[in-house]
Amino acid sequence: MSKKPVRVAVTGAAGQIGYALLFRIASGEMLGKDQPVILQLLEVPAEGPQKALKGVMMELEDCAFPLLVGMEAHGDPMTAFKDADYALLVGSRPRGPGMERAELLAINGAIFTAQGKALNAVASRDVKVLVVGNPANTNAYIAMKAAPDLKPGNFTAMLRLDHNRAASQIAAKTGKAVADIEKLCVWGNHSPTMYADYRFATIKGESVKAMINDQEWNANVFLPTVGKRGAAIIEARGLSSAASAANAAIDHMRDWALGTNGKWVTMGIPSQGWYGIPKDVMFGFPVTCENGEYKVVEGLEIDAFSQACIDKTLKELTDEQAGVAHLI
Ligand code: NAD
Ligand code: LMR
C-alpha cells in the first residue's frame, strides 16, 4: 500500500446516515480500494452522542479494515476538520413526519455557518465538501459563504439521491437495467421542486423520452414520485432515508474524486451563471467528472416545460437564500 492516507471528516457520525456511511468509506468504496483513509469524526459534544460515537468506532475497529489507518472522535469542528481532504457534512436535525425541509433552515443554518468557518480556518485548501444535512443546497451555500478563503466550487450539495431515485423509476417504467441509463440529470434544489429530466437520457443508445413517450406520466407520476420520495420513506419507516442517502454520498464523492468516464451525474454546485442560474446559487446540474474536477454539461436545450420547472426550483432556492441572508 503506497498511497498517502487522506483525511476524511464526517459530521453527525453517530447518526443513522453515519452508521450506513462510515463502514463503506473505510472499506474503500468511496475513494478506491488502494486509498488509505483517516476518519475524523464529529458529533455534538454532549455525553450521549459522544458515547454512541465511541461505540461506532469500536465497531469500525472490529472490522479490521486494511485501508482504515487512523480514526479520531471530535466534539469541535475546529479539530475535526484539521487538514481534511474530504468533508461530508451530514450532522444536522432530520425532518420528521409532516415537516418540509425548509423548516429545518432555522434550526440547521447556524450549524453550517460554524462549520464553514472551521473548514475555512483549518481544512486542506483543496478540501472537497459534500453537504448532506437538509436543506442541503442552502446549508452548502451557507457553509461556502462562511469560508471565503476556500474555493467556492469545492462546496457541493447532495442531489445524487434524487438522481438515483429518478434512474430507478425510469428502469422500472421501461423494464430496462438501471446500469444502462445514461445522460439523466436533476436540476435545482433537493426538495419536491427538483426537476428530474430524462429528455436527453438514453438506454443503449435509444432515447428514453421516445421509449416512454408519455408527458402525462412525466408530469403527474414521475416528477412527484421522485420529488416526494423522501417524505414517502419517512412515512413508511418513521425515519428519514439513511442507507440510500449514505449510498448517494458515496456515489457523489467517488465520482468527484475518481471520475465518471464521461457519464453524466448530478451534483449540487455553486452556479457560475450556467443556464441562466444566478452566480453562487447552489443548484443541481448535470456534470461529468475527471481528474478530481467536475464540469457542467453545457449547451442543452431547455424547452418551455423544463424552463418552468427550473424557474420554480430556482425561486425556492433564492427564497431560501433570502431567508438566511442574516447568516451570511
Ligand atoms: P440523525 O438524527 O440520525 O443523525 C444526525 C446526527 O448528527 C446525530 O447523531 C446528531 O447528534 C448529529 N449532529 C447534530 N448536530 C451536529 C453538529 N452540529 N455537529 C456534528 N454532529 C451533529 O439524522 P440522519 O438520518 O443521519 O440525517 C442527517 C441529515 O441528513 C438530516 O438533515 C437529513 O434530513 C439529511 N438527509 C439528507 C439527504 C439528502 O439527499 N441530501 C438524504 C437523507 C437525509
Ligand atoms: C430524502 O430525500 O430522503 C432526505 O432529504 C430526507 C428528507 O427529509 O426527505
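Note that ligands are numbered from 1 as they come in the structure, with each ligand's atoms numbered from 1 the same way. Atom set for the values below is all heavy atoms of this structure, side chains included, hydrogens, waters and symmetry mates excluded.
Residue contacts with ligand 2: Asn134 is included, with a non-hydrogen atom under 4.0 Å away. For the ligand labelled ligand 2, residue Lys228 lies outside the 4.0 Å heavy-atom shell. At least one heavy atom of Ser92 sits closer than 4.0 Å to an atom of ligand 1.
Taking distance alone, with nitrogen or oxygen atoms compared against 3.5 Å, Gly91 stays at or beyond that limit from ligand 1.
Within a 6.0 Å radius of CZ in Arg93, other residues, nucleotides and ligands contribute 12 heavy atoms or fewer.
Only the side chain of Ser240 comes within 4.0 Å of ligand 1, counting heavy atoms alone; its backbone N, CA, C and O stay farther away. Residue His190 touches ligand 2 through its side chain alone, judged by heavy-atom distances below 4.0 Å.
For atom 39 (C) of ligand 1, the closest heavy atom belonging to the protein is His190 NE2, 3.2 Å.
Checking Ile111, Val10, Leu21 against atom 18 (N) of ligand 1, the nearest heavy atom belongs to Ile111.
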Which donor-acceptor pairs under 3.5 Å do side chains of residues 169-188 form with protein atoms, sequence neighbours excluded?
{"residue": "Thr174", "atom": "OG1", "partner": "Ile170", "partner atom": "O", "Å": "2.8"}
{"residue": "Thr174", "atom": "OG1", "partner": "Lys176", "partner atom": "N", "Å": "3.4"}
{"residue": "Trp187", "atom": "NE1", "partner": "Asp197", "partner atom": "OD2", "Å": "2.9"}

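Salt bridge Asp85/Arg7: absent, no basic N to carboxylate O contact under 4.0 Å. At a threshold of 4.0 Å, the pair Asp255-Lys263 does not count as salt-bridged, since none of the basic side-chain nitrogens sits closer than that to a carboxylate oxygen.
In the vicinity of Ile234, heavy-atom distances shorter than 4.0 Å reach the ligand 2 atoms 7 (C), 8 (O). Close approach to Gly230 involves these atoms of ligand 2, each under 4.0 Å from a residue heavy atom: 1 (C), 2 (O), 3 (O), 9 (O).
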